[in-house]
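Below is one structure, written out as structure tokens; the observations come after it.
Heads up: numbering here begins at 1 and tracks the sequence. Predicted model, so just to flag it, every value in this text is computed and none were measured.
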Amino acid sequence: MTSVVTAGGISVTIRGAVVDEGETVLDRLVSDGVPGSLASRSAKLWGPDAAPLAARRLGWLDPPATSRSLRDRLAGPAGEARAAGLDRVVLAAAGGAAAAAEAMCRTAGAELTVLDTTDPHEVSRVLAGDLDRTLVVVAGEGVEADALRRVFGRAFSAAGLGGADLARRFVVVAEEGSDLARDAEEAGHPRVLAEPGADDRFGALGARSLVPAALAGVDVDALLDEASGLAATLRQPYDNPALALGAALGSSALGARDKLVIADHGSGLDGLAGWAEQLVAGALGKDGKGLLPVVVESADAPGFELADDLRRVVLGRRPDEPGAGREAGVSVAGPLGAQFLLWGFAVAVAARVIGVDPFGDPDAGESRESTAALLRSEEGAAPTVVRRPPELVEGAVELHAPEDALRGARTLAEALETLLADVPDGGYLAVLAYLDRAGDAAAAGLRPLLAARGGKVRRRPAPVTFGWGPRYLHTAGQYHKGGPPNGAFLQITGAVTGDVAVPGRPYSLGELQLAQAFGDLRVLRSLGRPAVRLHLRDRAEGLAQLAAALA
């Protein structure tokens, strides 16, 4: 059975048993008046406890109209940047804003350097670029954006800039009255006010994402046009792709298929899967419930095979596949601007179906608090962990694990197989790499290798996810702590050969990165999750060893 819902430039195709499952949920959503209520910004859709926060977080539904003024708001800073020859745009942000801006620029072929990291190697490489052409957009108030703003400020000063010349090297996107907005005003940085209530996780079409994309050369009006075409369909009870997708996601999470495996197949929307990952995991993974997004490299990648607990989603057109009709699947096609609105609406609908607050972060703060405690510690909990002898050393790789976690494994390959075997039934393995996204890009190749090895170690292979740290703390981190307690975790840290001091702070980027890694690891272990840490004494050599151990 196949259902195709097409409207507003978007096509959602649903196949198999999920058609019946989704239609049952869809009928209930329609009878409850959900599409009209959500399109009207009703804060009551997720229950009375969620209503106060929801009332402040539904502004993401407005940008197809409200962001039209962005061109005028950005005219001054953009003109000054062009006049000064500042055509190398660096974004200091985190979470959904960074992922959305990156997707916009990759899809459009525009150059944007996204820094949502504290890795000193990655930051140093960007600092070593052409600072004479560099403009930094600060669109976040987290510890990463604060550290990066300070680091770039010192670099510009060291290059001889001061006064107004230094001030105009930053464009700050912040809500009126926020600490970041006040700091920007005091420093004389050009400001673009962000829309109040535009939830970062959902707000891909808000100023925090659109400003850096526009400065990098993306036609943001075209994105808004695409979203506007879909916006007109959101109130419809039927022929509504966003509602149909939301019903499919919600019915999957209620049933046995609580893993959403996402593969791109010719969509042309580079980076959309990563943005959808942070949205689905962060909005739905809480109260022991959720839908785990698993982004795979392609429809042919390990981990995209048929499995009873997976709901497979293809971005683009679904590839022909022998026997694929036996499994319920979803295909989504359409332009990027409309996709942002589609997925936001669908996930908000799915949250109602599952019974969770899509805007709350009840568990994500634990890792932030743990990190802050490590940074405040006089003795420093991080050095204590570093000094603790590893359970296993092989070449450039140290393995740190709780006592008896390795169960007698004597080689790196055996230890990795033990971790795969320890994934709870119906669970998943998450690889969390606190490394350089460019310089250590080979780390991402561990996901398919682990997925393939899991198929040999376990009768029922477990899904494997991959996230760069600290990026994943703002994406899947909420799910890791608040979703179903069935995850196992492989954290990877690496030696720092050239650290970067953070002006005005008592720590360096390397120390901050390590505190973030240890802080999250401590929380995961306190929750009883199987978690081990691999430390690479030499990053390139260590990654090569890991790949060889999994081959």
Side-chain angles (χ1 to χ4, degrees), residues 1-5 11-26 29 241-265 267 272-285 289-319 321 323-333 339 342-343 345-356 358 425-430 451 460-465 476 479 483-484 486-487:
M1 183 181 295
T2 300
S3 171
V4 181
V5 184
S11 178
V12 174
T13 303
I14 303 171
R15 294 177 173 84
V18 74
V19 175
D20 290 333
E21 297 167 6
E23 284 187 352
T24 300
V25 172
L26 181 64
L29 291 168
L243 187 65
L245 179 59
L249 297 180
S251 64
S252 296
L254 288 179
R257 298 182 186 276
D258 61 349
K259 318 293 192 309
L260 191 73
V261 186
I262 305 172
D264 192 288
H265 188 74
S267 76
L272 174 61
W275 178 82
E277 176 189 32
Q278 65 85 30
L279 174 65
V280 172
L284 303 182
K289 307 173 185 178
L291 193 61
L292 174 72
V294 183
V295 176
V296 300
E297 296 75 21
S298 71
D300 299 321
F304 200 67
E305 301 87 0
L306 296 174
D308 292 340
D309 60 343
L310 305 183
R311 174 72 69 222
R312 305 192 301 174
V313 175
V314 172
L315 302 178
R317 300 298 177 183
R318 186 166 173 272
E321 180 181 357
R326 296 195 304 269
E327 185 258 1
V330 179
S331 303
V332 182
Q339 292 258 18
L342 170 89
W343 281 91
F345 196 94
V347 168
V349 167
R352 175 183 168 86
V353 174
I354 297 169
V356 297
D425 290 340
Y428 65 97
L429 173 66
R460 183 180 177 185
V464 179
T465 70
Y479 185 98
N486 57 8

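- Within the 4.5 Å cutoff, side-chain heavy atoms of Arg460 are placed close to those of Asp309.
- Smallest separation of non-hydrogen atoms from Ala263 and Phe304: CB-CE1, 3.7 Å.
- Minimum interatomic distance between Ala283 and Val356 (heavy atoms only, all atoms of both residues): O-CG2, 3.8 Å.
- For the residue pair Val347 and Leu284, the shortest heavy atom distance occurs at O-CD2, 3.7 Å.
- Contact annotation: the side chain of Val4 approaches that of Ser11 to within less than 4.5 Å [non-hydrogen atoms, C-beta and beyond].
- Each of Val12, Val5, Leu29 was evaluated against Leu243; a single residue qualifies, Leu29, per the side-chain contact (heavy atoms from CB on, under 4.5 Å) test.
- Val296 places a side-chain heavy atom less than 4.5 Å from the side chain of Val261.
- For the pair Arg15/Ser331, a side-chain contact is recorded, criterion being any heavy-atom separation below 4.5 Å from C-beta on.
- At least one donor-acceptor pair under 3.5 Å links the side chain of Lys259 to the backbone N or O of Gly426.
- Smallest separation of non-hydrogen atoms from Leu245 and Leu342: CD2-CD2, 3.8 Å.
- The two residues Ala476 and Ala281 come nearest to each other via the heavy atoms CA-CB, 3.7 Å.
- For Val349 against Ala247, the heavy-atom pair with the smallest separation is CG1-N, 4.4 Å.
- The main-chain N or O of Gly303 is found under 3.5 Å from a side-chain atom of Glu305 such that the two form a donor-acceptor pair.
- Expressed to the nearest 0.5 Å, how far CG of Asn486 lies from CG of Leu292 amounts to 8.0 Å.
- A donor-acceptor pair is defined here as one N or O able to donate and one able to accept, closer than 3.5 Å; no such pair exists between the side chain of Arg311 and the backbone of Ala256.
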